[in-house]
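Computed from a predicted structure; not experimentally measured.
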Number of protein chains: 2
Amino acid sequence: MKAVEIPFAPSLADRMQRGDLFTEKCPSREILKHVTSRWGVLLLVALLSGTQRFSDLRRKVNGISEKMLAQTLQWLESDGFVERISYPVVPPHVEYTLTQSGTEIAKKVEALADWIELNLPEIIAAQIQKSEQ
Amino acid sequence: MKAVEIPFAPSLADRMQRGDLFTEKCPSREILKHVTSRWGVLLLVALLSGTQRFSDLRRKVNGISEKMLAQTLQWLESDGFVERISYPVVPPHVEYTLTQSGTEIAKKVEALADWIELNLPEIIAAQIQKSEQ
DNA sequence: CAGCATCCCCCACGATACTG
DNA sequence: CAGTATCGTGGGGGATGCTG
């Protein structure tokens, strides 16, 4: 477990003028990386359906490997977006649930994903047009 | 220039039950990859401020290399999110602008980024708490 | 100024095998 | 079932140098 680094607090002024996001080593970029990662996006959206087990998620998110599932869930858990509940039984039974803040951010991510799915036809059409000109 | 692949059309039924996003090789995942890529996010948000030149963007998005700037802009252009306008002068003058659909998706991305910046204190606090327990 | 070409590195990720 | 450990690869991405 890597130690948490000292957070640097951006001034309110910085935040007002559209943020420190554009700054290197801004802590937000790290969170953003977890959330917008290839599997982070899909897991957050998947978890909006409610509490699910490890194997449920593995089945639902097509193409994810066990390694990346475990790792991404750990990222999201460490950011406080996902709560992991392990029942001491055999065979093991572990459940994953979105926290309050996890639900909030998942909805933002879902809005993005939904927009893309909805507008996919036009996007593809634009690509084809470009390739033909 | 790579040929555009034949788009496969997901059935409406699939779309209704929360999408083909969970399917491997879904075209949406590719778009999502461009948009949520490390630099894609930042460029989209940066371009919400209006038309900007290559070097403007390079300065604004701290830490990006010329290579990744050019490459990411090409991704976004090929998806129809960014329009590239090149003026035939020397020295070269090239401008980048969000298209209509680019503006829409950029706003979704911005909403996500803003949420993170706003809630960063709580997120960091949650991380610290976890590391101490 | 706005790139493209080239080289190179690192790590995200997949595949496989093993465990409590 | 729900993971860890290990190994190998691809490509994301940086640095540098060259052009119109």
Side-chain angles (χ1 to χ4, degrees), chain A residues 1-2 22-26 29-44 46-47 51-79 82-97, chain B residues 1-2 22-26 29-44 46-47 51-79 82-97:
Chain A
M1 176 77 69
K2 192 174 56 176
F22 292 128
T23 305
E24 282 196 79
K25 47 166 228 3
C26 161
R29 286 198 185 178
E30 196 61 22
I31 312 293
L32 206 51
K33 202 167 84 178
H34 300 161
V35 166
T36 65
S37 70
R38 179 172 179 194
W39 303 116
V41 172
L42 299 179
L43 282 175
L44 286 173
L47 282 166
T51 297
Q52 273 153 99
R53 301 182 59 171
F54 188 87
S55 48
D56 292 336
L57 292 169
R58 178 137 172 62
R59 265 188 304 275
K60 175 172 286 193
V61 180
N62 221 282
I64 195 173
S65 66
E66 289 187 8
K67 176 184 169 184
M68 290 315 297
L69 178 54
Q71 182 175 115
T72 308
L73 284 171
Q74 281 170 16
W75 288 342
L76 296 177
E77 191 194 358
S78 78
D79 293 337
V82 165
E83 186 183 14
R84 188 192 115 111
I85 302 173
S86 170
Y87 298 93
V89 296
V90 332
H93 183 119
V94 181
E95 290 181 350
Y96 292 91
T97 312
Chain B
M1 173 79 71
K2 192 175 56 174
F22 293 128
T23 305
E24 282 196 78
K25 44 167 234 358
C26 162
R29 286 198 185 179
E30 196 61 22
I31 313 293
L32 208 51
K33 201 168 84 179
H34 300 161
V35 167
T36 65
S37 70
R38 178 171 179 196
W39 303 115
V41 172
L42 300 179
L43 281 176
L44 285 173
L47 282 166
T51 298
Q52 274 154 99
R53 300 183 60 173
F54 190 86
S55 48
D56 292 334
L57 292 168
R58 178 137 173 61
R59 265 187 304 275
K60 176 172 285 190
V61 180
N62 221 282
I64 195 172
S65 67
E66 291 186 6
K67 176 186 169 182
M68 291 315 298
L69 178 53
Q71 182 174 115
T72 308
L73 284 171
Q74 282 170 16
W75 287 343
L76 297 177
E77 190 195 357
S78 77
D79 292 338
V82 165
E83 186 183 12
R84 189 191 115 111
I85 302 173
S86 171
Y87 298 94
V89 296
V90 331
H93 182 120
V94 181
E95 291 181 351
Y96 293 89
T97 313

[N] phosphate, OP1 or OP2, under 4.0 Å from [X] side-chain N/O:
X     : N     : value
A/R58 : D/dA2 : no
A/R84 : D/dG3 : yes
B/Y96 : C/dG3 : yes
A/Q74 : D/dT4 : yes

Could you tell me which residues satisfy salt bridge (charged side-chain N to carboxylate O under 4.0 Å, His left out) with [X], sequence neighbours excluded, listed by chain and number?
X     : result
B/K33 : B/E30
B/E66 : B/R58
A/R84 : none

To the nearest 10 degrees, the angle between the two end axes of the helix from C/dC1-D/dG20 to C/dG20-D/dC1 (five pairs per end) comes to 50°
Verify side-chain contact (heavy atoms from CB on, under 4.5 Å) between B/L69 and B/L43, making sure each step is shown before the conclusion.
CA-CA 8 Å; B/L69 178 53; B/L43 281 176; 3.7 Å; yes
With distance as the sole test, does A/T23 use its side chain to make a donor-acceptor pair with the main-chain N or O of A/C26 at under 3.5 Å?
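Answer holds: no.
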Does B/Q52 reach the main-chain N or O of B/K60 with its side chain, forming a donor-acceptor pair under 3.5 Å?
no
Which nucleotide in the set [options] lies at the smallest distance from any side-chain heavy atom of [X]?
X     : options               : result
A/S65 : C/dG14, D/dA2, D/dG14 : C/dG14
A/W39 : D/dC1, C/dG3, C/dG14  : C/dG14
A/S55 : D/dC1, C/dC13, C/dA2  : D/dC1

Look at the aromatic rings of B/Y96 and B/F54 and report parallel, tilted or perpendicular, splitting at 30° and 60°.
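Tilted, since the angle between the ring planes falls between 30° and 60°.
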If you pin A/S37 and B/E66 to their nearest nucleotides in DNA chain C, which one's is more 5'?
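It is B/E66 whose nearest nucleotide is closer to the 5' end.
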Strand contacts (DNA chain C) in residues 85-93 of chain B, 4.0 angstrom heavy-atom criterion:
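Residues of residues 85-93 of chain B under 4.0 Å from DNA chain C: B/P91, B/P92.
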Please report the shortest heavy-atom distance between A/L44 and A/L76, naming the atom on each side.
CD2-CD1, 4.1 Å
Heteroatom pairs (N/O) under 3.5 angstrom, protein to nucleotides 8-12 of chain D:
none

Within this structure, what is the OG1-CZ distance for the pair A/T36 and B/R38, rounded to the nearest 0.5 Å?
11.0 Å
